[in-house]
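Here is the naming used below: chain letters follow the sequence lines, and residue numbers restart at 1 for every chain. The basis for the numbers below is simple: all heavy atoms, side chains too, and nothing from hydrogens, waters or symmetry mates. Just so we're clear, the structure is a prediction, and the values are computed from it rather than from any experiment.
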2 protein chains.
Amino acid sequence: MRKRKRTYSCGLEASLAVTGGRWKFLILWVLSNQGTKRFGELRRAVVGGISEKMLIQELKELELDGIVERKDFKRVPPRVEYSLTPLGIELGEATASLCEWGTKHIDRINGASQKSVSVEPGVFPQ
Amino acid sequence: MRKRKRTYSCGLEASLAVTGGRWKFLILWVLSNQGTKRFGELRRAVVGGISEKMLIQELKELELDGIVERKDFKRVPPRVEYSLTPLGIELGEATASLCEWGTKHIDRINGASQKSVSVEPGVFPQ
DNA sequence: CCGTATCCGTAAGGATACTG
DNA sequence: CAGTATCCTTACGGATACGG
């Protein structure tokens, strides 16, 4: 399942090894902003509609990487809570600026692909 | 090729729509730190060994999103230079903290516990 | 409620050859 | 040098059904 093929010599590459894929950033973001969550809560909170399969898979990998902590209450009905480790909290903070950039330019991004290709040099409507 | 299926309501999701995939962050990082590059230079500078096909594909998408600017000198032999737009520069700055996180914790990510990591010269300084 | 287990389609991405 | 054009393989990720 998980094959960390090689070692990383570049910081960004290492970060991407941990946060790669479609969902990890978004999961991280929920836990970073909304704190500890149960499995079902987390599933509903992640934007885009993640499947149970993907959520549990990504959580396992994040746990292996020391980003996420899993607490199983071993009860019936089951109750499991996920939260960030200190390392995960740091990583969450590191993504804050990325989120801000997206928020700031979201209108432009949402319209980028339909627009005609010719954009006047140097001009960036905002 | 590019199908931006929907609009994004979350800043992080919007950012990921632009920077998603395996290579875009790394391309962005090169242009952000090393400035304008020719096609071949860029290809050699991106860590991990990107193919020509992927590089040109990602560059086109980044150009459509207003992140990268392409300058064609229309000469023989061909000379094309890629650089970041103001929007791209901003985005590059937003990824800096992510790179720092990776650099800081690279030992742990690489598998922890073992030998120290020798950072090869020529990759991203940090 | 919190997962596991399969099946399966798509597309991301690599390899190679070719062009102006 | 800077791309195009194909072919091909993998794995990402969705859908569904089932289990403790």
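- A:Lys71 places its NZ atom 17 Å from the C1' atom of C:dC2, with the value rounded to the nearest Å.
- Looking only at distances, a side-chain donor or acceptor of A:Asp72 sits under 3.5 Å from a matching main-chain atom of A:Lys74.
- Summarising the geometry, atom CH2 belonging to B:Trp101 is positioned 14.5 Å from atom OG1 belonging to B:Thr95; distances are rounded to the nearest 0.5 Å.
- Using a 4.0 Å heavy-atom criterion, one finds that A:Arg70 contacts the sugar-phosphate atoms exclusively.
- When rounded to the nearest whole Å, the span between CZ of A:Arg75 and P of C:dG3 equals 14 Å.
- Qualifying side chain to side chain donor-acceptor pair (under 3.5 Å) partners for B:Glu41, counting only residues two or more places apart in sequence or in other chains: none.
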Which dot-bracket string fits DNA chain C when only Watson-Crick or G-U wobble pairs with both atom distances under 3.5 Å count, crossing pairs get [ ], and | stands for a partner on a different strand?
||||||||.|||||||||||
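- Among the atoms of the strands shown, none is found under 4.0 Å from any heavy atom of A:Arg43.
- For D:dT4, the OP1/OP2 oxygens have a side-chain nitrogen or oxygen of B:Lys60 closer than 4.0 Å.
- Look at CG on B:Asp72: it is 7 Å from P on D:dG3, rounded to the nearest Å.
- C:dC2 atom P lies 11 Å from atom CZ of A:Phe73, rounded to whole Å.
- The distance from the CG atom of B:Leu84 to the CG atom of B:Leu31 is 5.0 Å, given to the nearest 0.5 Å.
- Hydrophobic clustering of Ile, Leu, Val, Met, Phe, Trp and Tyr side chains at less than 4.5 Å, counting indirect connections, keeps A:Phe73 apart from A:Ile56.
- Expressed to the nearest 0.5 Å, how far CH2 of B:Trp29 lies from CD of B:Gln34 amounts to 10.5 Å.
- A:Glu81 has its CD atom 14 Å from the P atom of C:dC1, to the nearest Å.
- Expressed to the nearest 0.5 Å, how far CD of B:Glu58 lies from CD of B:Glu63 amounts to 13.5 Å.
- D:dG19 atom P lies 19 Å from atom CD1 of A:Ile56, rounded to whole Å.
- OP1 or OP2 of D:dA2 lies within a sub-4.0 Å distance of a side-chain N or O belonging to B:Arg38.
- Nucleotide D:dC12 holds its C1' atom 12 Å from the NZ atom of A:Lys24, rounded to whole Å.
- Note: CD (A:Gln57) to P (C:dT6) measures 15 Å, nearest angstrom.
- Rounded to the nearest 0.5 angstrom, B:Ser15 OG and A:His105 NE2 are separated by 9.0 Å.
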Between B:Leu42 and B:Ile50, is a side chain to side chain contact (heavy atoms under 4.5 Å, CB included) present by the stated rule, with each step listed?
CA-CA 10 Å; B:Leu42 187 52; B:Ile50 188 172; over 6 Å; no
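- Using a 4.0 Å heavy-atom distance criterion, B:Tyr82 is classed as a sugar-phosphate-only contact.
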Using a 4.0 Å heavy-atom cut-off to protein, can you give one letter per nucleotide of nucleotides 14-20 of chain C, 5' to 3': B if the base is in contact, S if only the sugar-phosphate is, - if neither?
BB----B
